[in-house]
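Structure first, commentary second.
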Amino acid sequence: MLYREVADFYEKVEATTKRLEITALLVDMLRNASCDEIANVVYMTHGRLFPDFYPEKIGMAEKMAIRTLSTVCRMEQSKVEAMWKQVGDAGLLGEQMLRASSPSGLGSEALTVNEVHDSLSKMALSSGPGSQETKINLLARLLASSTPVEAKYILRIVMGKMRIGVAAMTLIDALSATFATKEDRDAVEIAFNITSDLGRVAVALCREGISGLSTLGLEVNVPVRSMLAERLPGLDEILAKMGGTAALDFKYDGLRMQAHIGDGRVRLFSRQLEEITDQFPEMLNAIASAFRGRSGIIEGECVPVDINTGEMLPFQVVSRRRGRKHGLEEAVEEFPVTLFLFDILLLDGRNFMEVPYRERRRKLEETIAENERVKLSTVKLVSTAAEAEDFFNLALQSGCEGVVAKSPADESVYQPGARGWLWIKYKKDYKAEMIDTVDLVVVGAFAGRGRRSGTYGALLMATYDKERQVFETVTKLGSGFDDETLFSLPDMLKTSLLPAKSGEVESRMVADFWFRPALVLEVIGAEVTHSPVHTCNWGKIKEGSGLAVRFPRFTGKFRKDKDAYDATASGEILEMYRMQLKKT
Ligand code: ATP
């Protein structure tokens with residue numbers, strides 16, 4: 001398949017925000033790809049080159065892209081730089097420049113999808129001395145053979161800013177519609193949740209249709225998308241929801257960690273599927289010696305512990321360690337972490353995801369010999385509200401933020417990537433008016449006045465509507481920021497700045513600045529109320545009205561572990577609103 005054809009589809013996709021239309025366009029595009037190309041088409045349409053859990057990113061700096069464009073289009077670097085500032089989007093600039101300059105290679109043989117992917121992969125994989133030149137040469141060669149529209153999308157991928165916004169769930173819709181039936185969609189999503197690899201799912205479907213998915217199983221070193229928890233405002237409600245009995249598990253406030261053990265190695269993955277093995281060197285031997293099998297996948301929460309008192313420390317201490325290369329040794333000594341394990345997904349080739357929770361827990365206990373760094377989470381089966389309350393208080397006294405109730409029923413399987421009622425969380429903040437903090441995405445901002453001139457006066461925050469795949473505004477956030485944070489916001493948001501509102505955002509307000517939805521902030525509010533200006537759950541409770549978070553305050557926590565699509569879902573705000581009504 002020619003990259004030209006793919007780029008033409010992207011043009012059409014970019015021109016609409018309607019999910020059904022986008023899906024139909026994607027189906028047409030996927031039909032044209034062969035099984036040897038489809039993985040690459042899928043990755044690139046998702047704005048990537050590889051599955052999410054691969055660490056390789058192209059990581060081309062703005063300066064290098066400017067140099068390349070200046071060479072290819074034979075224009076002075078300073079001029080390209082000035083135009084870049086004006087246009088603000090590498091893709092659009094590249095498209096304009098190629099239209100104007102018709103570089104030497106134009107008219108040469110058309111690029112295929114695999115050729116483009118191959119060159120971009122080489123760019124991503126090249127590192128060390130000389131890698132900058134290699135990247136520039138590879139990009140220059142690609143651009144010299146590109147049409148202006150092809151160049152637009154190549155440059156966007158290279159800069160990590162593919163903006164056509166095809167989310168994983170839309171690609172799953174399209175893959176199901178292309179290779180199977182609508183009814184098979186769930187099976188396709190499950191295959192993605194297990195493999196975390198849309199490209200692999202696409203190849204299996206292309207080769208053998210829906211039956212091809214049976215070849216995709218759990219594998220050591222391939223991270224599984226994590227199971228998530230729903231929330232309820234009371235322990236009695238949780239017990240009722242779970243049929244009278246629940247296994248309450250301490251809710252540790254740390255970093256979720258999935259440990260993969262196999263071939264004598266331990267590898268660690270975060271909830272974002274990012275490999276974090278190197279950041280926790282002290283855990284590798286500790287896990288290997290605690291694990292009594294040959295290979296497997298286990299999951300838990302990793303928490304920093306005070307070396308003097310043995311007390312759990314706030315989560316921020318671990319997050320400071322993430323991504324750190326220098327000073328890691330000191331951090332390991334100063335803030336060693338302990339992993340509290342709560343689940344097992346795979347053991348010596350046997351898949352435990354389909355096994356009920358109680359049996360999984362038994363297996364986990366059999367498999368783990370606790371040591372100083374690796375422990376089992378504290379769990380208790382409770383059947384009365386009083387027992388549950390006592391256990392919850394014990395969790396708080398032990399430094400945890402609450403409990404996660406796990407259903408002990410036979411159907412209580414591990415649901416990868418899903419937030420369902422088999423796990424329900426209950427935290428101490430739920431005793432406040434609004435039952436939980438929410439994680440909201442910055443989609444816009446209003447210029448600051450007075451003491452805030454030079455930065456933003458307020459941020460326009462949104463939730464994500466998973467069904468319609470749009471971001472809906474839910475509040476204007478202006479409090480809870482210290483001066484340093486407040487004045488660093490423009491810089492922090494610089495790379496997400498857009499010339500106009502993103503097609504993925506639905507807003508009735510007109511902001512002074514618009515951003516690509518990316519940055520996620522933890523926010524606590526007083527309550528969820530009706531609002532004529534916010535689009536969150538528009539018309540669902542009352543005609544001509546949405547829901548808003550009233551009196552929002554930033555808690556100080558940037559949720560760097562979440563991307564925009566993992567932010568609080570609009571459906572969760574609706575649930576919170578309903579729970580509030582029940583309480584009053
Ligand atoms: P929060 O808003 O509480 O930080 P979240 O939005 O990051 O939660 P949730 O699904 O809402 O994610 O809460 C579940 C998270 O709680 C898990 O991802 C895991 O990191 C953490 N956790 C801590 N202890 C446990 C436990 N015993 N069982 C399951 N998850 C646990």
Side-chain angles (χ1 to χ4, degrees), residues 53 55 220-221 223 226 249-293 295-345 361 364-365 367-379 394-404 427-428 522 555-562:
F53 59 92
V220 172
N221 297 333
S226 294
D249 212 345
F250 275 12
K251 187 175 195 302
Y252 301 88
D253 188 12
L255 179 81
R256 186 146 182 179
M257 194 177 257
Q258 205 174 86
H260 288 239
I261 305 123
D263 298 329
R265 274 191 74 194
V266 175
R267 288 174 70 184
L268 306 172
F269 296 92
S270 73
R271 173 169 152 188
Q272 293 306 114
L273 311 178
E274 180 194 355
E275 178 151 13
I276 48 175
T277 312
D278 293 345
Q279 285 152 47
F280 297 93
E282 79 273 35
M283 292 310 301
L284 308 181
N285 280 338
I287 294 172
S289 65
F291 187 75
R292 289 201 187 120
S295 66
I297 305 176
I298 48 180
E299 224 183 10
E301 187 88 351
C302 144
V303 187
V305 175
D306 187 313
I307 43 171
N308 295 307
T309 61
E311 276 176 11
M312 292 185 215
L313 295 169
F315 160 82
Q316 278 84 341
V317 177
V318 194
S319 62
R320 250 181 264 148
R321 249 170 86 158
R322 300 184 67 201
R324 189 148 140 179
K325 288 213 175 71
H326 307 291
L328 184 61
E329 268 172 44
E330 289 86 334
V332 169
E333 252 174 53
E334 220 179 320
F335 306 111
V337 293
T338 298
L339 175 61
F340 292 92
L341 290 166
F342 53 73
D343 225 315
I344 183 159
L345 311 187
R361 174 75 198 193
L364 179 69
E365 289 172 10
T367 311
I368 296 301
E370 289 186 305
N371 60 37
E372 202 195 352
R373 299 265 75 85
V374 179
K375 309 239 177 258
L376 292 161
S377 65
T378 303
V379 63
L394 180 69
L396 297 191
Q397 284 156 23
S398 313
C400 291
E401 56 175 353
V403 290
V404 182
K427 293 203 286 191
K428 59 176 183 280
E522 188 181 77
T555 65
K557 215 185 211 181
F558 287 99
R559 293 299 308 248
K560 298 222 162 110
D561 57 327
K562 289 195 170 183

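Just the heavy atoms: all of them, side chains too, but no hydrogens, waters or symmetry mates, feed the values below.
Heavy atoms of other residues, nucleotides or ligands lying less than 6.0 angstrom from CD of Glu372 number 12 at most.
With sequence neighbours excluded, the residues forming a side chain to side chain contact (heavy atoms under 4.5 Å, CB included) with Thr338 are Val305, Phe340, Arg373, Lys375, listed by chain and number. Partners of Ser289 under the side chain to side chain contact (heavy atoms under 4.5 Å, CB included) rule, at least two apart in sequence or in another chain, are Asn371.
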Apply side chain to side chain contact (heavy atoms under 4.5 Å, CB included) to the pair Tyr252 and Thr378, showing each step before the final yes or no. CA-CA 10 Å; Tyr252 301 88; Thr378 303; 3.6 Å; yes

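A donor-acceptor pair under 3.5 Å is absent between the side-chain atoms of Glu301 and the main chain of Lys251, judged by distance alone.
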In residues 261-269, what donor-acceptor pairs under 3.5 Å come from side-chain atoms, sequence neighbours left out?
from: Arg267; atom 1: NE; to: Glu275; atom 2: OE1; distance (Å): 3.4
from: Arg267; atom 1: NE; to: Glu275; atom 2: OE2; distance (Å): 2.9
from: Arg267; atom 1: NH2; to: Glu275; atom 2: OE1; distance (Å): 2.6

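With rounding to the nearest 0.5 angstrom, the CG atom of Leu376 is 4.5 Å from the CD atom of Glu370. With rounding to the nearest 0.5 angstrom, the CZ atom of Arg361 is 9.0 Å from the CG atom of Asp343. Summarising the geometry, atom CD1 belonging to Ile276 is positioned 12.0 Å from atom CZ belonging to Arg256; distances are rounded to the nearest 0.5 Å. One distance of note links NZ of Lys557 with CD of Glu522; it measures 4.5 Å at 0.5 Å rounding. Atom CE of Met312 and atom SG of Cys400 lie 4.0 Å apart (nearest 0.5 Å). Between the CE atom in Met257 and the OG atom in Ser226 there is a gap of 12.0 Å [rounded to 0.5 Å].
Considering Leu396, Val404, Leu394, Val379 as possible partners of Phe250, the one that fulfils the side-chain contact (heavy atoms from CB on, under 4.5 Å) test is Leu394. Partner of Ile298 under the side-chain contact (heavy atoms from CB on, under 4.5 Å) criterion, out of Leu341, Leu339, Thr367: Leu341 alone.
Under the 4.5 Å side-chain criterion, counting only non-hydrogen atoms from C-beta, Leu255 is in contact with Phe280. Side-chain contact between Met283 and Cys302 is absent, with no heavy-atom pair separated by less than 4.5 Å.
Of all heavy-atom pairs spanning Pro223 and Leu273, the tightest one is CB-CD2, 4.0 Å.
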